[in-house]
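Here is the structure we will look at, set down as structure tokens.
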Amino acid sequence: MTLRSLPLRPMFQDRLQAQLVPALQAAFKDLFGHDLDAKAIGFQSTRPEFEGDVTINVFPFLKISGKGPEQTAQAIGEHVQANLLIVARFNVVKGFLNLVVADSYWLGFSQEAGEKDILAFPANGKKVMVEYSSPNTNKPLHLGHMRNIFLGHSVSRILQSVGHEVIRAQVINDRGIHICKSMVAWQKFGKGETPESSGLKGDKLVGKYYVEFDKVYKREIEGLVAAGKTKEQAEKEAPILLEAQAMLLNWEANDADVRALWAKMNGWVYDGFNATYTRMGVEFDKLYYESQTYVLGKNDVLEGLKKGVFYEKDGAVWVDNTAEGLDEKVLLRRDGTSVYMTQDIGTAIKRFEEYPGLSKLIYTVGNEQDYHFKVLFIILRKLGFEWARELFHLSYGMVDLPTGKMKSREGTVVDADELIEEVVNEARASGEQLSKLDEFSAEEKTALFEMIGLAAVKYYLLKVDPKKRMLFDPAASIDLQGHTGPFIQYTYARIKSLLRKADAELSVVSSQLSGSAGQLRTDNSALLPEERAIIKLLHHFPAVLNEAAIKLEPSTLANHAYELVKAYNTFYQTVPVLKEDDAAKRGFRLALSAAVAAVTKKAMWCLGIEVPERM
RNA sequence: GGUCCCGUAGCUCAGUUGGAUAGAGCAUCAGCCUUCUAAGCUGACGGUCCUUGGUUCGACUCCAAGCGGGAUCGCCA
């Protein structure tokens, strides 16, 4: 799987580079008679220990200039400074040309950032489907689902932010042997228990019987082994398993009783899932039920067989991917029934039929299925579907616990509802100690702690590169300090408080905000380092959002949001805002604060995280 | 065994297309609230970027081999 087909906005040039590139090209033309390719210029931000904002490394250009690094950098620097007003001065260190961008440029940008949404991208008319969550209906959602759900949800919002129309899709694996196991166990041992009678959430109740099934199954295996069967035989012949298998056959034969039980228990599960989704703040536009799609694909495979894309062996239909470095794979069993792959072929085709303009389909699925999707995409390409190149497996790493891998059989899974409850309680525990929340009503507090707790878990799961396997440390995940979601929320609330106070005390903020940057623009030493740092991070944000959209990496955005609020906190703690006497400076700092708040809110929205007005 | 992914501070993670003295958070230690929200800020401590070769002006980054960890390779889903 490559990102080859992913770039949705291939090159992102920020507004500063848009001015620097032509100036540099002109310099190369004038100085060395060379037409410089824009892509050859490597911009980097200047390291803090040197003066400057943008650094250009001239080593790659020595052949063009025919001079040493210092002379080359010096010559380019002089030319650019002379011809581009926004370059105030420059310095050369070894082969590095450090350009100092004039305050006037930063002030101009700040003004823009205060007045409009710098993260707004125009709609591009492209339609993208993002599939995520995809639970089985036999047990509750757990930590593994949480990484999936938050990742998929965030990616869908990021794509939406850069101008796509996004369809959020959930596949619900509502049929199969797993749900039959829960059904059999409930029938045998449930005594008519319901969510109402037990007080259990529907998904928890059904999950309870799935566990119950497994217990009985294991006991039966032990009994059979004691009676002289081999383990393998016992695993196949345990009566309760045979019952579940029989039930699956009855389900497929449309047996009315089985279907009714199935509908009832799935209904409980959906109520449970929906409660969890609502609390998580995630949503879906389109639901695909496996019970309705599992028959798909068979005809497509048969057609492929006719076309010679597939072949027959031992009565089964195969695909040969050895040329692609993969293996051969069965698509239809000897008895003519489908495998999982067949179904995925069919549903992909169906989705592109349903959404004719669909330009991309993203599957948010764990990396243990890397091979499966590789094969799926190759097959669809072989079947001749143009859109097959627009399929993407958003593959993410497993979530490990400090105790090792999560295993449902060993009861080491972290339940989603319980985890959320825990982290919300933690937010409450630390929040209640702060006197500043005294004026909050009970309802306001509850809403706030909910918001903070969810931010903690979501941010914890999203700040790590999705491709990488990550460790879930329960203690760290409920942390509200440092590199966390609540820290970002706190900074936002801090700014909002400042702005409220400004409004009340000055009552002229809005008129001061716009124009104040303009007033400062004539003074070239107006900007403090703390202000400059914030402005540069704001300036970089659209490129970061774009990158997050191209790479489908919320972590990029999460980390940049953290850097921004960190820089803001430093500013806040060292530079007076309301206490500044100079009205222009005060207005400028307020506008800058407002811009940080707006960008932070948008970035957090892209992560699926809400921010409070006070905390 | 084949294929794929990963290895950066005590722990968890960043690190742009190869660039200057590799950065954060947590933990530990030391400071900062009669002053705009201390869920904050400042500083200290902390590194064989798994190892060895190679490519080059330059490698945490690219290539090869090795070591360590994981995933996957079913007429399962």
Side-chain angles (χ1 to χ4, degrees), chain A residues 1 39-47 49-50 55 57 59-60 62 69 93-96 98 136 173 176-178 290 294 313-318 325-327 329-341 343-344 366-372 374 395 397-398 400 402 405 427 430-431 433-434 436-437 452 460 463-465 467-473 475-477 479-484 486-487 489-491 493-502 505 543-544 547 555-556 558-560 562-563 566 569-580 589-590 593 614-615:
Chain A
M1 229 92 25
K39 285 191 293 257
I41 312 168
F43 291 105
Q44 44 189 300
S45 43
T46 307
R47 296 184 66 97
E49 58 266 37
F50 303 104
T55 294
N57 188 323
F59 275 108
L62 299 185
V93 182
K94 290 192 255 180
F96 296 91
N98 300 322
N136 287 356
N173 300 305
I177 191 70
H178 52 85
E290 199 203 350
Y294 83 108
K313 189 172 79 183
D314 306 331
V317 178
W318 295 72
L326 304 174
D327 298 316
K329 167 105 193 140
V330 166
L331 299 178
L332 285 177
R333 298 189 188 98
R334 197 182 324 188
D335 63 6
T337 55
S338 296
V339 294
Y340 188 61
M341 187 66 76
Q343 200 187 129
D344 268 2
N367 65 7
E368 69 271 15
Q369 295 200 35
D370 282 355
Y371 182 78
H372 173 79
K374 232 180 243 183
S395 166
M398 295 197 140
D400 281 326
K405 221 175 133 174
S430 21
Q433 292 171 6
L434 303 171
K436 61 184 170 184
L437 296 182
I452 294 172
Y460 185 88
K463 73 176 172 182
V464 180
D465 181 345
K467 290 190 290 294
K468 291 188 180 165
R469 161 184 277 268
M470 68 176 287
L471 182 84
F472 183 85
D473 177 358
S477 74
D479 208 334
L480 310 176
Q481 278 138 26
H483 189 185
T484 66
F487 171 80
Q489 290 178 315
Y490 170 75
T491 311
R494 212 178 200 189
I495 296 172
K496 295 306 272 193
S497 166
L498 190 68
L499 295 175
R500 275 193 303 272
K501 208 155 268 185
E505 290 176 12
V544 171
E547 187 192 340
S555 57
T556 318
N559 287 314
H560 199 72
Y562 170 68
E563 277 175 41
K566 203 159 93 92
N569 274 320
T570 302
F571 159 81
Y572 181 91
Q573 216 107 9
T574 37
V575 180
V577 180
L578 289 178
K579 284 183 220 144
E580 171 60 52
R589 286 172 196 162
L590 282 168
S593 301
R614 39 186 108 217
M615 76 180 266

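Here is the naming used below: chain letters follow the sequence lines, and residue numbers restart at 1 for every chain. Only this structure's heavy atoms are used, side chains among them; waters, hydrogens and symmetry mates stay out.
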Select base, sugar-phosphate, or nothing to describe what [X] touches, counting heavy atoms under 4.0 Å on all strands.
X: I495(A); result: nothing
X: M615(A); result: base
X: P69(A); result: nothing

Provide the Watson-Crick or G-U wobble partner of [N], both distances under 3.5 Å; none if there is no partner.
N: A64(B); answer: U52(B)
N: C26(B); answer: G10(B)
N: A59(B); answer: none
N: A39(B); answer: none
N: U3(B); answer: A71(B)

Of the options [options], whose atoms approach the side-chain atoms of [X] most closely?
X: V464(A); options: A14(B), C41(B), U37(B); result: A14(B)
X: K468(A); options: G19(B), A14(B), C76(B); result: A14(B)
X: K436(A); options: G7(B), G19(B), U37(B); result: U37(B)
X: Y572(A); options: G19(B), U42(B), C36(B); result: C36(B)
X: I452(A); options: C75(B), A77(B), A39(B); result: A39(B)
X: T46(A); options: A20(B), A14(B), A39(B); result: A20(B)
X: E290(A); options: A77(B), C13(B), C75(B); result: A77(B)

When rounded to the nearest Å, what value does the distance between [atom1] atoms of [N] and [M] take?
N: A59(B); M: A22(B); atom1: P; value: 13 Å
N: G43(B); M: C49(B); atom1: C1'; value: 26 Å
N: U56(B); M: G15(B); atom1: P; value: 28 Å
N: G25(B); M: G19(B); atom1: P; value: 24 Å
N: G46(B); M: A39(B); atom1: C1'; value: 26 Å
N: C4(B); M: U48(B); atom1: C1'; value: 28 Å
N: C26(B); M: C63(B); atom1: P; value: 35 Å
N: G31(B); M: C45(B); atom1: C1'; value: 15 Å

Has [X] got a side-chain N or O lying under 4.0 Å from the OP1 or OP2 atom of [N]?
X: R333(A); N: A77(B); result: yes
X: K374(A); N: U3(B); result: no
X: S497(A); N: C36(B); result: no
X: K467(A); N: C4(B); result: no

Legend entry - Base of A20(B) and ring of F96(A) stacked, centres under 5.5 Å, planes under 30°: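 Stacked: ring centres under 5.5 Å, planes under 30°.
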Legend entry - F487(A) ring over A39(B) six-membered base ring, under 5.5 Å and 30°: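 The ring of F487(A) is not stacked on A39(B).
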Under 3.5 Å: donor-acceptor pair, side chain of [X], backbone of [Y]:
X: T574(A); Y: T570(A); result: yes
X: R589(A); Y: P576(A); result: yes
X: K463(A); Y: H483(A); result: yes

Inset, instruction - Name the residue closer to the 5' end of RNA chain B, choosing between V339(A) and S45(A) according to the nucleotide with the nearest heavy atom. - result: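 Nearest nucleotide further toward 5': that of S45(A).
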Legend entry - Toward the 5' end of RNA chain B, by each residue's nearest nucleotide, Y490(A) or L471(A):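 In this pair, the answer is L471(A).
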Inset, instruction - Check if the side chain of T55(A) and the base of A20(B) share a donor-acceptor pair of N or O atoms closer than 3.5 Å. - result: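 Present.
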Legend entry - Under-3.5 Å donor-acceptor pair between N98(A) side chain and A20(B) base: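 Such a pair exists between side chain and base.
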Legend entry - Protein-to-nucleotide contact annotation, 5' to 3' order, nucleotides 22-33 of chain B [B base; S sugar-phosphate only; - none; under 4.0 Å, heavy atom]: -SSSS-------
Legend entry - Contact pattern, 5' to 3', of nucleotides 67-72 of chain B - B, S or - by protein heavy atom under 4.0 Å: ---SSS
Legend entry - Check against side chain to side chain contact (heavy atoms under 4.5 Å, CB included), S555(A) and V464(A): CA-CA 5 Å; S555(A) 57; V464(A) 180; 5.8 Å; no
Side chains of [X] and [Y], donor plus acceptor under 3.5 Å:
X: H178(A); Y: N173(A); result: no
X: D479(A); Y: T484(A); result: no
X: N98(A); Y: R47(A); result: no

Inset, instruction - Mind telling me if C13(B) is syn or anti? Syn here is a glycosidic angle within 90° of 0. - result: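 Classified anti.
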Legend entry - Rounded distance (Å) that lies between atom P of U17(B) and atom CD of Q44(A):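 Going from CD in Q44(A) over to P in U17(B) covers 12 Å.
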Inset, instruction - Flag the pair R334(A) and D314(A) as a salt bridge only when some basic side-chain nitrogen lies within less than 4.0 angstrom of an acidic carboxylate oxygen. - result: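 Answer for the salt bridge query: no.
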Legend entry - Minimum heavy-atom distance G366(A)-S395(A), with the two atoms named: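 Closest heavy-atom pair between G366(A) and S395(A): C-OG, 4.4 Å.
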Inset, instruction - Please report the closest heavy-atom contact between L498(A) and S593(A), naming both atoms and the distance. - result: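 Heavy atoms only, the tightest pair is CD2-OG, 4.0 Å.
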Inset, instruction - For residues Y460(A) and F472(A), establish whether the separation of their ring centroids is below 6.0 Å. - result: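 Yes, close enough.
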Inset, instruction - State, yes or no, whether a side-chain contact exists between Q369(A) and Y340(A) at a heavy-atom distance under 4.5 Å. - result: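 Of all side-chain heavy-atom pairs linking Y340(A) with Q369(A), at least one is under 4.5 Å.
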